[in-house]
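Step one of this worksheet: look at the structure below.
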2 protein chains.
Amino acid sequence: MKNTIKVERAKQNITQQELADLVGVSRQTINSIESGRYVPSTTLSLKISDVFKTSVNEIFTLENED
Amino acid sequence: MKNTIKVERAKQNITQQELADLVGVSRQTINSIESGRYVPSTTLSLKISDVFKTSVNEIFTLENED
DNA sequence: CAATAAAGTAAAGTATATTTGTCTTTAAGA
DNA sequence: TCTTAAAGACAAATATACTTTACTTTATTG
């Protein structure tokens, strides 16, 4: 599972902490998702998709091993 | 969290078991998601989105309490 | 009515997401 | 160089997704 959160944050110029606050999770959760340590729930990916005004399918993409 | 899985299954005329096999989970997992007992992982919602050729955002929508 | 396919649900166990706390590293500015 | 903001990461605890097994219900069809 790949994602473009880091790039989207850069576009909007917001920190991991700010994104975390916007979607209601901890900063470590955002960091862990960005670095591929785990995959978010659909609830969380929809919230992230809201913040970035981009579809879940554009932000998150499956890889072979998923 | 609402979803349109039941409707999409009806459109494609496939059973819970068939969808479960297509995405690699148990039938009970599909049933539980359809009946709102829990929310799928992003991995699973992307796979479901693949089967239905519809975006995750169209299939799953947040509600006030999410 | 009997048989069968599909759906609904529940309990117990396992896997994984998320939190909280903490420590380290990196980069930028004073 | 010192300070600070931001990021990367880890461990322990908790919450939640998912599996397996199993039982019930609801059509539908012979």
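Keep in mind the model is a prediction, meaning the values are calculated, not measured. Proteins get letters first, then strands, A, B, ... in listed order; numbering begins at 1 in each.
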Interatomic distance, [X] [atom1] vs [N] [atom2] [rounded to whole Å]:
X: B:Asn13; N: C:dA6; atom1: CG; atom2: C1'; value: 12 Å
X: B:Leu44; N: C:dA15; atom1: CG; atom2: P; value: 18 Å
X: A:Met1; N: D:dA17; atom1: CE; atom2: C1'; value: 14 Å
X: A:Glu18; N: D:dA6; atom1: CD; atom2: P; value: 7 Å
X: B:Gln12; N: C:dA6; atom1: CD; atom2: C1'; value: 18 Å
X: A:Ile5; N: C:dA17; atom1: CD1; atom2: P; value: 13 Å
X: A:Leu19; N: C:dT18; atom1: CG; atom2: C1'; value: 15 Å
X: B:Asn3; N: D:dA17; atom1: CG; atom2: C1'; value: 15 Å

*Between B:Asp66 and B:Val39, does a side chain to side chain contact (heavy atoms under 4.5 Å, CB included) hold up when you go through it step by step?*
CA-CA 10 Å; B:Asp66 296 328; B:Val39 169; 5.8 Å; no
Can you tell me how far [atom2] of [Y] sits from [atom1] of [X], rounded to the nearest 0.5 angstrom?
X: B:Glu34; Y: B:Arg9; atom1: CD; atom2: CZ; answer: 4.0 Å
X: A:Tyr38; Y: A:Thr29; atom1: OH; atom2: OG1; answer: 3.5 Å
X: B:Asn3; Y: B:Ser35; atom1: CG; atom2: OG; answer: 9.0 Å
X: B:Phe60; Y: B:Thr42; atom1: CZ; atom2: OG1; answer: 9.5 Å
X: B:Leu44; Y: B:Asp50; atom1: CG; atom2: CG; answer: 11.0 Å
X: B:Asn57; Y: B:Ser45; atom1: CG; atom2: OG; answer: 9.5 Å

*Show your working on side chain to side chain contact (heavy atoms under 4.5 Å, CB included) between B:Leu46 and A:Met1 and close with a plain yes or no.*
CA-CA 10 Å; B:Leu46 284 171; A:Met1 169 80 75; 3.8 Å; yes
*Counting only side-chain N and O atoms of A:Gln16, is one of them less than 4.0 Å from OP1 or OP2 of D:dG8?*
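It does, given that an N or O in the side chain of A:Gln16 lies less than 4.0 Å from OP1 or OP2 of D:dG8.
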*asked:* Within residues 25-40 of chain B, which residues have any heavy atom lying less than 4.0 Å from an atom of DNA chain D?
replied: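 Per residue number, the list reads B:Val25, B:Ser26, B:Arg27, B:Gln28, B:Thr29, B:Tyr38, B:Val39, B:Pro40.
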_Which residues in residues 45-66 of chain B have a heavy atom closer than 4.0 Å to any atom of DNA chain D?_
none
*Residue B:Ser41, side-chain heavy atoms: nucleotide from C:dA7, D:dG8, D:dA17 that is nearest*: D:dA17
*asked:* Please compare B:Thr43 and B:Lys6 by the position of their nearest nucleotide in DNA chain C and report the one closer to 5'.
replied: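 So the residue in question is B:Lys6.
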*Compute the bend angle of the helix from C:dC1-D:dG30 to C:dA30-D:dT1 from the end axes (five pairs per end), rounded to 10°.*
40°
*Please name the pair of heavy atoms, one in A:Ile59 and one in A:Ser49, separated by the smallest distance, quoted to 0.1 Å.*
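Heavy atoms only, the tightest pair is CD1-CA, 3.8 Å.
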*Start with the C-alpha distance between B:Arg37 and B:Asn31, add both sets of side-chain angles, then the distance that settles side chain to side chain contact (heavy atoms under 4.5 Å, CB included), and finish with yes or no.*
CA-CA 9 Å; B:Arg37 269 193 300 280; B:Asn31 187 289; 3.1 Å; yes
_Between A:Val23 and A:Ile30, does the side chain to side chain contact (heavy atoms under 4.5 Å, CB included) criterion hold? Intermediate values first, please._
CA-CA 10 Å; A:Val23 299; A:Ile30 300 298; 4.2 Å; yes
